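Beneath this line is the structure, given in structure tokens, with notes to follow.
Ligands are counted one by one from 1 in listed order, and the atoms in each one are counted from 1 as well. Treat the numbers as computed from the prediction; the structure is a model and nothing was measured.
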Amino acid sequence: MTKIAFIGLGNMGGGMCANLVKAGHTASAFDLNAEAVKAVAAKGARAAASVPDAVKDADVVVSMLPAGKHVLGVYFGPDGVSAHAPKGTLLIDCSTIAVTDAREAHAQAERAGFVMVDAPVSGGVAAAEAGTLTFMAGGTADAFSKAEPILKGMGKNIFHAGGAGNGQAAKIANNMLLGISMIGTCEAFNLAEKLGLDAETFFKISSVSSGQCWSMTSYCPAPGPVPTSPANRDYKPGFAVAMMLKDLHLAADAAKASGAEIRLGEIAEGIYQSLSDRGLHGLDFSGVMKDVKGDLPR
Ligand code: NAD
């Protein structure tokens, strides 16, 4: 049994924290939102009053926060984790943040006497609740071996992606590909329809042909072929446009910093930006189908 401090109990963190308790760990849980703390306390976590209270006797800190500035603030800001957790505590940040912020967090953690792992996730709220997330972790081999048993309490597939920040690198490269493939899938279904094929017929052919991809077979943006996909509930998320846009911004920043050319990544960023600018940030990201079909105001 490991003493875990869990910080950030939102859509994702709430289910993840509850799963750590289910896996037999103790969890001291904190969030700025008191209702979120109450919800995990009802599932067996201890409600902590603050970050210092949550981490004071922790073996491991796990965080699931909105963005890099929150992560750096929670860990290294005034009254943050590094000032109050016992030295040597393993820090696992599961938020999706910039590779540069993650590497900065690793460096600060090391200077302050902590071991850190960046471990962003693939999979949404349902996977967080079911404990079936995929984790891609960055850090030393030693840090990863300590983090792995904790991550197993919240996920199914756990990967060591390499050194500091490599978990975030894997995450944003993967999600950039997802954004591009979703737009491509929408365009292909729309073209097929314009040429006289209904969605079911095109799906039957393309899902076993060379155009096959996850965006088609697991999350089909055309209503019908994949009953669980958001296309069948008027594109309610799921994974919202705002979340995809956040990841594409992170990918574009990382590409600029590393000199990688991402022509399609930039186009995808522009398409999701345009949906967001039209007030559609809450639409599922597969809702780009509506735009491709010309069903949204331009
Ligand atoms: P969320 O906004 O629902 O949850 C974030 C929580 O952090 C909130 O409850 C907020 O009150 C809390 N918080 C913010 N600042 C804090 C602080 N200083 N101290 C304590 N708590 C603080 O977001 P989410 O959907 O749970 O996403 C969390 C992270 O997971 C993000 O980085 C997101 O990109 C990533 N992610 C989300 C999904 C998804 O489908 N929702 C999927 C994969 C990855």
Quick one: which ligand 1 atoms are inside 4.0 Å of a heavy atom on [X]?
X: Ser95; answer: 32 (O)
X: Val121; answer: 43 (C), 44 (C)
X: Val74; answer: 17 (C), 18 (N), 19 (N)
X: Lys171; answer: 43 (C), 44 (C)
X: Gly124; answer: 40 (O)
X: Ile7; answer: 20 (C)

Pair [X], [Y]: side-chain N/O donor-acceptor within cut-off below 3.5 Å:
X: Ser95; Y: Asp93; answer: yes
X: Thr134; Y: Ser122; answer: no
X: Glu148; Y: His160; answer: no
X: Asp198; Y: Thr201; answer: yes
X: Tyr75; Y: Ser63; answer: yes

Say whether [X], considering both its backbone and side-chain N or O atoms, lies within less than 3.5 Å of an N or O atom on ligand 1.
X: Gly123; answer: no
X: Met12; answer: yes
X: Asn11; answer: yes

Quick test: of every protein heavy atom, which one is nearest to [atom], and how far off is it to 0.1 Å?
atom: atom 2 (O) of ligand 1; result: Pro66 CG, 4.5 Å
atom: atom 15 (N) of ligand 1; result: Leu32 CD1, 3.7 Å
atom: atom 4 (O) of ligand 1; result: Gly10 CA, 3.3 Å
atom: atom 30 (O) of ligand 1; result: Met64 CE, 3.0 Å

I want to confirm something. Looking only at heavy atoms, which of [options] is nearest to [atom]?
atom: atom 9 (O) of ligand 1; options: Ile97, Asp31, Asp93, Leu65; result: Asp31
atom: atom 36 (N) of ligand 1; options: Leu250, Thr96, Val71; result: Thr96
atom: atom 34 (O) of ligand 1; options: Lys246, Met243, Glu35, Lys69; result: Lys246

inquiry  = Starting from Met244, can I reach Val125 by hopping between I/L/V/M/F/W/Y residues whose side chains sit under 4.5 Å apart?
reply    = no
Report yes if some heavy atom in the side chain of [X] is under 4.5 Å from a heavy atom in the side chain of [Y]; otherwise report no.
X: Val99; Y: Arg103; answer: yes
X: Cys213; Y: Thr185; answer: yes
X: Cys94; Y: Met16; answer: yes

query = Relative to each other, are the rings of Tyr219 and Trp214 parallel, tilted or perpendicular (30° and 60° limits)?
reply = parallel
ask   = Between Phe202 and Phe189, does the ring centroid distance fall short of 6.0 Å?
value = yes
ask   = Where's the contact between Ala36 and ligand 1, heavy-atom distance under 4.0 Å: side chain, backbone, both or neither?
value = neither
key: 4.0 Å protein heavy-atom contact status of atom 32 (O) of ligand 1, strictly under   = yes
